[in-house]
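One structure is given below, encoded as structure tokens.
Numbering of residues begins at 1 and proceeds along the displayed sequence. A quick note: this is a predicted structure, and the numbers were derived from the prediction, not measured.
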Amino acid sequence: MRPDAEVFLCRLAREFRPRVEQSADELLQVVREELPALLEHEDLVALALEESASHVSTFLDVLEGRLDVTEVEAPEVALEVGRQLARRGVSVSDSLRAYRLGHLGLLRQLQEEAARLSDDWELISAATIRLVSTAFEYVDRASEQIVAVYQRERDLLLQRRLILANEAGRRIGTTLDTARTAEELAEVGADGFADAVTVDLLCSVLHEESGRPARDAPGLRRIAQQSVLDGLPVPADGADGVFTYPVGSEQDRALAEGRALLHHTPPAPDAPERQESWGPALVPEAGSLLLLPLRARGTTLGLTQLFRRRSSPPFDEDDLLLAQEIADRAAMSIDNARRYTHERDTALTLQRSLLPRGTARQSAVEAASRYLPSGTHAGVGGDWYDVIPLSGARVALVVGDVVGHGIHAAATMGRLRTAVRAFADIDLMPDELLTHLDDVVIRLGREEERHDGETSATCLYAIYDPVSRLCSLASAGHPLPVVAKPPAAGGDGPAPRDVDFLDVAVGPPLGLGGFPYETAQCELAEGSLLVLFTDGLVARSGRDVDSSLTVMRDVLGRGSDSPEEVCDRLLTALLPSRPADDVALLVTRTRALDHGHVAVLDLPSDPAAVSGARRFTSGRLADWGLEELSFSTELVVSELVTNAIRYGRSPVQLRLILQDTLTCEVSDASSTAPHMRRARTFDEGGRGLLLVAQFAGRWGARYHREGKVIWAEQALPAGSR
């Protein structure tokens, strides 16, 4: 570059400096024309104008002082704009586009100024090259800082929303009192989320002791309201506190349709012609508003309104989803308090809502289940069962029992079932899962500070693999399952079954801590019945446990009935009357995947083995008539085998499993955890798991004592199931 070009750029910066404010205004106009939605919030306009002026001044400082761009910090006001855009949910791509538009406009302005200062086009050309280079460096440097601030603000916002969701789960619905639940909803909403909250319930909800509220009784009552503003919201006006929303207003529409509404800019209070459609101006200076119908079990119970001032960041779609989730939780609690006056009825509803509503789709077992609540005044207990599909065609079978009765036992059951599903999702062995579950029970007891006894529970967790036909199980103080072998072939009538009571070490109940659990394994023939149950099935007044087990042996030993029929026969034989304790029963008939549905290939720890794995995969898919999946499956296999050879340890094995999905598994002896990362443009690796995730419907990793297995599932083409 010509030496005098640097001098010219210094002069250019000095000459242009008096035009900083004018330049910033012109740049802002360009951004508003190109991206009108970006500056739709008036409070951002002044801040954006200040940001533009700061960027222009800073860039002129770089030119005039010949500063090192890599050491220049973005103006603080630019960082604040990044924070504000993050709070308003503006995408970072839109923010950066506006940023680039502004700097492009500044370059054009500087070029025009340069043409005015000199007619030496060689000098102008040399200076322009330097100007553009410096501008790009400045944009890159400032963009990195702004994006970092933007991301930190979004992370903080997400963290605050997660905290709010957690607080809502902890603070809403702590009692069976309708008014108190509404107050809890208002308190949570006004605690750093909204400036004002109102909760209005239909009078029919408050007056009915049972049944559903009628839509032809539209009178409402303001049950709760919270605000950080003095004197707001304005109290609802109506005789005896009962009022209605104006017909056709937004509140009336939300209540009638049962659909949440988000308004960024409500009509101004001084616009009477629009006020009628808006309804009562409960917060006149509201800048945005959420209207959330309180719906539970298909019925609208009322409406909650959340307001933010114009000076506050407006609600966005994420806020709407979060608020709707909180409102749904509150509505469920209100409906429980309204509909059920007896603790047993409330606990029973909670119990049934937390138990599986149907058998999960899987091909390892045919399952049937029953749950019978207690028939005594002690209330519903905490019995539960679950069928959880796992990777590799396996399935987890769970049955458990929380000690105690009533709504606390039912709620604890729901927490433990959720915890078991979370631990099962990371494919823990039965003994490891029960150890973690034991920690959960201990922590629940400490958090609740119960005075009526420690929180305790029993649980049996079993994993059945239809490929190896192995059942791995561990028990935490829970009755062991019963196995009925498949009936022998031949004979005129139904062949009997051999029934075995598994002899497995039973660990201590959950909640004691410090005691180990042990995983046992047994091989089950195809067609075996595996029966899991809680003690309410076999322990009843007037009959000892051994007698009940004898009856169970007789029932299971007769015939080859389906699991549904076995459930009915067991309940009829063991529980002729209503049970004194809750009963959970899970009956499964095992299936097996033959060698025609499983393909296994042992691989050497050599990169050259990858091509052999692809050929093996292609050939097996051809045998299965799945040529349509060859490209994607070979790619998945190639990436998984390459990772196992590169980062794992021998032995390495490839396994293909054909069931209702196609599963590719690669195992090795290393426990190194795989993780997906974002590869840069010129990186030679780092895209393997990303490709696997794109082609597979599900993928993950499971660990065992000899290493790990990375698996990926693909849906079968239509017509090939």
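Checked by atom type and distance alone, the side chain of Asp594 pairs as donor or acceptor with a backbone atom of His597 at under 3.5 Å. Remark: side-chain polar atoms of Ser456 are paired, donor with acceptor, to backbone N or O of Leu510 under 3.5 angstrom. In terms of modelled atom types and a separation under 3.5 Å, the side chain of Arg469 and the main chain of Pro466 share no donor-acceptor contact. No side-chain donor-acceptor contact under 3.5 Å links Ser363 to the backbone of Gln659.
Rounding to the nearest 0.5 Å gives a distance of 9.0 Å between OG1 of Thr534 and OH of Tyr371. The structure places CZ of Phe423 at 11.0 Å from OH of Tyr461, a figure rounded to the nearest 0.5 Å. Between Leu537 atom CG and Asp383 atom CG the span is 10.5 Å, to the nearest 0.5 Å. Atom CG of Leu654 and atom OG of Ser667 lie 8.5 Å apart (nearest 0.5 Å). In this structure, the separation between OG1 on Thr412 and CZ on Arg417 is 15.0 Å, given to the nearest 0.5 Å. The line from OG1 of Thr418 to CE of Met413 is 9.0 Å long, rounded to the nearest 0.5 Å.
No salt bridge links Glu706 with Arg649; every basic N to acidic carboxylate O contact stays at or beyond 4.0 Å. A salt bridge links Glu187 to Arg180: one of the charged nitrogens lies within less than 4.0 Å of a carboxylate oxygen. Classification of Arg702 and Glu665 as a salt-bridged pair holds, one side-chain N sitting under 4.0 Å from a carboxylate O.
Contact detail for Leu502 and Leu473: the closest heavy-atom pair is CD1-CD1, 4.2 Å. Between Leu601 and Ala613, the shortest heavy-atom contact is CD2-CA, 4.0 Å. In this structure, Ala701 and Ile710 approach most closely via the heavy-atom pair CB-CD1, 3.5 Å. Val692 approaches Ala712 most closely through the heavy-atom pair CG1-CB, 3.9 Å. Shown here for Ser548 and Leu574, the closest heavy-atom pair between the two residues is O-CD2, 3.5 Å.
Side-chain polar atoms of Asp668 and Ser650 form no donor-acceptor pair below 3.5 angstrom. Between the side chains of Arg297 and Asn336, at least one donor-acceptor pair of N or O atoms lies under 3.5 Å.
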Where do Thr590 and Glu526 land on the side chain to side chain donor-acceptor pair (under 3.5 Å) test, with the steps shown first?
-> CA-CA 6 Å; Thr590 62; Glu526 182 178 5; over 6 Å; no
Assess whether side chain to side chain donor-acceptor pair (under 3.5 Å) is satisfied between Ser391 and Trp711, documenting all intermediate values.
-> CA-CA 7 Å; Ser391 62; Trp711 55 270; 3.3 Å; yes
Under the side chain to side chain donor-acceptor pair (under 3.5 Å) rule, what do Asp328 and Gln324 come out as? Steps first, then yes or no, please.
-> CA-CA 6 Å; Asp328 289 344; Gln324 185 66 66; 2.8 Å; yes
Full working for side chain to side chain contact (heavy atoms under 4.5 Å, CB included) between Val709 and Asp427 | CA-CA 10 Å; Val709 177; Asp427 266 320; over 6 Å; no
I would like to know whether Glu184 and Thr174 meet side chain to side chain donor-acceptor pair (under 3.5 Å); could you show each step before the answer?
-> CA-CA 9 Å; Glu184 291 168 345; Thr174 60; 2.4 Å; yes
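A side chain to side chain donor-acceptor pair (under 3.5 Å) check over residues 503-513, counting only residues at least two apart or in different chains, returns nothing.
Within a 6.0 Å sphere centred on OH of Tyr647, other residues, nucleotides and ligands contribute 12 heavy atoms or fewer.
Arg620 pairs by the salt bridge (charged side-chain N to carboxylate O under 4.0 Å, His left out) definition with Asp623, not counting sequence neighbours. Evaluation of the ring-ring contact (aromatic ring centres under 6.0 Å, His included) rule for His704 yields no partner, not counting sequence neighbours.
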